[in-house]
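Structure record follows, encoded as structure tokens.
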Amino acid sequence: MIARGQMLGPEQPVVLHMLGLPRAADALNGVRMELIDAALPLLRGVVATSNEAEAFKGVNVAILIGGWPRKEGMKRKDLIAKNVPIYKSQASALQQHAAPNCKVLVVANPANTNALVLKEFAGGIPAKNITCLMRLDHNRALGQIAEKLNVPVSDVKNAIIWGNHSSTQFPDASHATIRTELGERPVTELVADEKWLREEFVSTVQQRGAAVIKARKQSSSLSAASAACDHVRDWILGTPKGTWVSMGVCSDGSYGIPEGTFFSFPVTCDKGEWSIVQGLQIDDFARSKMEASTSELKEEKAVAINIL
């Protein structure tokens, strides 16, 4: 996807740096060979290494997918315990070796707390340049709305994921719209089923990751990779006018979310910078859901601090 221009555009050459565990060096080299064999026009080089300094040297965009994998039945505190040391180490390497304005996307779960750890130990990287992946949840929300209304997903926009990349996240369709022959219309008007919007829609998106794991015994792969490309593409190249997307970013206090918390907000992007969409109406139902996710993130932060 990256070497075909789906992330940075069809005219941007790329050099891919891949970091793997030492015991997986042969497999990683195999991936390197396949990339070369694909004769991808935008690919200008491939670095395959188990050395963090070499992997992060001069990179402009870092997508951190490495982490202890989530398995069925695994608790989030267990994931935090496994991943905090990994992200502390990668924070140091990024700060020392990445390009000065490197943009970082944390994918591995627990993504919000991993991003927080990265920020704490990579003080030389501006907080605005560290984000975590909520686009998968955002895309899941768009997909559920499209299925419900039997419309192309490309006609759905401006759903929101608030909060943590976990089952406490709040998928919010109250501001989403559908493109119709008569213009854009609110999803709430077309669905006309508040119970579905507040219950089935919310729980389906919240539990989608667990449902995928149950079905295939592994975490989401294709959909996660596609979402990561979407996230970075919109961040770097900009969101379409009138459209926002969900990104996990460092809170500036917007919507009452504590500053410094990595929280999913609706954002627009322009010239490589994201901005939180302001002024959206938050009803009591939405506020209660956002507060629940905020509380979970506070608990995760406390666990991470205790480990450190």
Using every non-hydrogen atom in the two residues, find where Val14 and Ala3 come nearest and quote the distance to one decimal. CG2-CA, 4.1 Å

Is there a side-chain contact between Met1 and Ser226, using heavy atoms and a 4.5 Å cut-off? yes

Could you tabulate the donor-acceptor pairs under 3.5 Å formed by side-chain atoms of residues 47-54, not counting sequence neighbours?
unit_1: Thr49; atom_1: OG1; unit_2: Asn51; atom_2: N; d: 2.9
unit_1: Thr49; atom_1: OG1; unit_2: Glu54; atom_2: OE1; d: 2.8
unit_1: Asn51; atom_1: OD1; unit_2: Ala53; atom_2: N; d: 3.0
unit_1: Asn51; atom_1: OD1; unit_2: Glu54; atom_2: N; d: 2.8
unit_1: Glu52; atom_1: OE1; unit_2: Ser89; atom_2: OG; d: 2.8
unit_1: Glu52; atom_1: OE2; unit_2: Ser89; atom_2: OG; d: 3.2

Is there a chain of hydrophobic side chains (I, L, V, M, F, W, Y, each step under 4.5 Å between heavy atoms) that links Ile178 to Phe201? yes

Do any N or O atoms from the side chain of Ser223 and from the backbone of Ser220 form a donor-acceptor pair under 3.5 angstrom? no

Taking Ser264 for the side chain and Gly163 for the main chain, is one N or O donor matched with an acceptor at less than 3.5 Å? no

Show your reasoning for whether side-chain contact (heavy atoms from CB on, under 4.5 Å) applies to Thr294 and Phe263. CA-CA 8 Å; Thr294 301; Phe263 196 90; 3.3 Å; yes

Determine, for Asp137 against Arg140, whether the closest basic-nitrogen to carboxylate-oxygen distance falls under 4.0 angstrom. yes

Quick check against the 3.5 Å criterion: does Gln6 have a side-chain atom that pairs as donor or acceptor with the backbone of Cys229? no

With the 4.5 Å side-chain cut-off for hydrophobic clustering, are Leu237 and Val249 part of the same group? no

Carboxylate-amine/guanidinium proximity below 4.0 Å for Arg198 and Asp283: yes

Answer with yes or no whether the side chains of His231 and Thr131 bring together a donor and an acceptor at under 3.5 Å. yes

If you measure only the distance, is there a donor-acceptor pair under 3.5 Å linking the side chains of Asn101 and Asn129? yes

Should the pair Lys148-Glu200 be classified as a salt bridge under the 4.0 Å nitrogen-to-oxygen rule? no

All side chain to side chain donor-acceptor pair (under 3.5 Å) counterparts of Asp230, not counting sequence neighbours: Asn139, Arg233

Run the side-chain contact (heavy atoms from CB on, under 4.5 Å) test on Ile160 and Trp244 for me, step by step, so that the C-alpha distance in whole Å, both residues' side-chain angles and the decisive distance to 0.1 Å come before the verdict. CA-CA 8 Å; Ile160 302 170; Trp244 61 64; 3.3 Å; yes

Would you confirm whether the ring centroid of Tyr255 sits within less than 6.0 angstrom of the ring centroid of Trp162? yes

Donor on one side chain, acceptor on other, Asn164 and Glu296, under 3.5 Å: yes

Decide if atom NZ of Lys301 counts as having more than 12 heavy atoms of other residues, nucleotides or ligands within a radius under 6.0 Å. no

Does the pair Asp234/Arg135 count as a salt bridge with the N-to-O cut at 4.0 Å? yes

Using modelled atom types and a 3.5 Å cut-off, is there a donor and acceptor pairing between side-chain atoms of Gln96 and backbone atoms of Ala93? no

Scanning both residues in full, the closest heavy-atom pair of Ala224 with Leu133 reads O-CD2, 4.1 Å

Checking Glu199 against Ser203: is there a side-chain donor and acceptor pair closer than 3.5 Å? no

